[in-house]
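Inspection log for the structure reproduced underneath, given as structure tokens.
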Amino acid sequence: MMFFHLCVQAAAARQSFRMSKYKVFVMRHGEGAWTKENRFCSWVDQRLSEDGVKEALACGHLLKEAGYQLDVVFTSLLSRSIHTAWLLLEAMGQEWVPVVRTWRLNERHYGALIGLNRAEMALNHGEEQVKQWRRSYDLTPPPIDESHPYFLEIYNDRRYSTCDLSIEFLPKSESLKDVLERLQPYWDGTIVPEIKRGKLVLISGHGNSCRALLKHLEGISDADIVNVTLPTGTPILIELDENFRPTKPMQLLGDQKAIQAAIRKVEDQDQPGCQTPSIRNIKTMWEKGNIVGATECPKAMNKETVGVKSKSVTNGVGC
Ligand SMILES: O=C(OP(=O)(O)O)[C@H](O)COP(=O)(O)O
């Protein structure tokens with residue numbers, strides 16, 4: 001958390017006294033159902049939790065009270081990001097504002113780790129390994145494959161037939177670096193032109209798609225981005241000069257004490273003691289599978305072992 005401030009200060013030191021020409025809001029959606037369960041959610045389409053709905057509405061009230069008038073909101077193709085945009089616009093009384101969706105703002109694809117519980121992973125593989133998987137810049141987790149219980153749910157979903165890449169070219173696992181590489185063309189080609197037209201843009205993204213964007217905009221180094229963690233449901237205001245360089249430190253809007261507590265909560269998700277009530281009913285998700293050693297093909301799991309009752313997807317069949 002301290003490092004987050006250092007990154008911001010480092011960016012500020014480079015900003016000298018340039019004039020702000022543009023503003024843009026970047027925010028991670030409200031808390032999702034699996035955030036509460038402490039599971040890697042990624043491309044699984046979970047809804048907002050009750051708290052997540054409240055967070056999204058609170059963001060809208062905050063921006064409305066500050067007098068902001070949005071012109072366009074960009075979201076991922078995932079419901080928690082879109083729902084956050086809707087609730088926020090409703091709270092602002094600006095429901096008519098266009099919402100534009102793109103897979104390029106989707107959360108980082110966590111590959112074979114999708115569905116797993118972070119605290120349990122830390123018990124099995126060590127906190128440091130889980131921190132590396134979560135926060136390092138260029139580490140890519142083992143890819144998802146057809147034996148994974150969420151594979152079909154993701155890749156058979158009709159929304160992914162609407163992308164500017166055909167389904168077979170969509171990612172099967174991503175590092176943060178990969179996220180930035182797929183996001184930057186959309187930022188440059190679609191979002192920046194809107195901002196240059198004078199539109200006030202809000203991006204309702206995800207923990208890691210927003211980290212990738214902030215890394216790019218704030219010039220955060222590969223080493224320092226490891227220490228940047230974003231809370232849910234907190235708008236970040238970024239002011240940019242005519243060359244899209246930041247003119248001042250980005251601002252996380254809202255009650256600063258609550259924001260710091262929310263960041264700490266996300267950081268602590270990979271502490272072995274960070275168990276949720278539901279996790280007690282979940283058998284060891286990889287049945288002691290060694291994901292550290294796995295490169296291509298981690299051990300099979302099924303939806304029941306990760307606490308999901310649906311049997312609509314074929315169980316994994318092993319490697
Ligand atoms: O789905 C996720 O993020 P999201 O809740 O922002 O969509 C990831 O599981 C976030 O996990 P991380 O905080 O361990 O990178």
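Whatever order the structure lists ligands and atoms in, that order sets their numbers, starting from 1.
- Residue Phe40 places no N or O, backbone or side chain, under 3.5 Å from any N or O of ligand 1.
- The heavy atom nearest to atom 11 (O) of ligand 1, out of those in Arg118, Arg134, Glu107, is found in Arg118.
- Every atom of ligand 1 is numbered from 1 in the order shown, and the set under 4.0 Å from a heavy atom of Arg28 is 3 (O), 4 (P), 5 (O), 6 (O).
- Two rings, from Tyr155 and Tyr160, have their centers 6.0 Å or more apart.
- Remark: among candidates Cys210, Ser42, Ala33, Pro231, the nearest residue to atom 1 (O) of ligand 1 is Ser42, based on non-hydrogen atoms.
- Under the 4.0 angstrom criterion for non-hydrogen atoms, Glu31 is not in contact with ligand 1.
- You'll find the ring centres of Trp34 and Tyr150 inside the 6.0 Å limit.
- Shortest contact from atom 15 (O) of ligand 1 to any protein heavy atom: Tyr110 OH, 2.6 Å.
- Atoms of ligand 1 lying under 4.0 Å from at least one heavy atom of Arg135, given by number and element, are 12 (P), 13 (O), 15 (O).
- For His83 and His29, the ring centers sit 6.0 Å or farther from each other.
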Intermediate values then yes/no, side-chain hydrogen bond (donor to acceptor under 3.5 Å, both in side chains), Ser49 and Asp51: CA-CA 5 Å; Ser49 69; Asp51 287 343; 5.2 Å; no

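- For the pair Met27/Ile203, no side-chain contact is recorded, criterion being any heavy-atom separation below 4.5 Å from C-beta on.
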Is there a salt bridge (Lys or Arg N to Asp or Glu O under 4.0 Å) between Glu174 and Arg182 once you walk through the steps? CA-CA 10 Å; Glu174 295 181 300; Arg182 52 107 151 148; 2.7 Å; yes

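- With respect to Arg108 and Asp178, no salt bridge is recorded, no charged nitrogen being found less than 4.0 Å from a carboxylate O.
- Ion pairing of Asp157 with Arg159 is present here, as a side-chain N (NZ or NE/NH1/NH2) and a carboxylate O approach within less than 4.0 Å.
- If you look at Asp270 next to ligand 1, there are no close heavy atoms at all, none under 4.0 Å.
- Any N or O atom pair closer than 3.5 Å counts here, and Cys41 shares at least one such pair with ligand 1.
- Heavy atoms of Trp34 come nearer than 4.0 angstrom to ligand 1 in no pair at all.
- Listed by number with element, the atoms of ligand 1 under 4.0 Å from a non-hydrogen atom of His29 are 4 (P), 5 (O), 6 (O), 7 (O).
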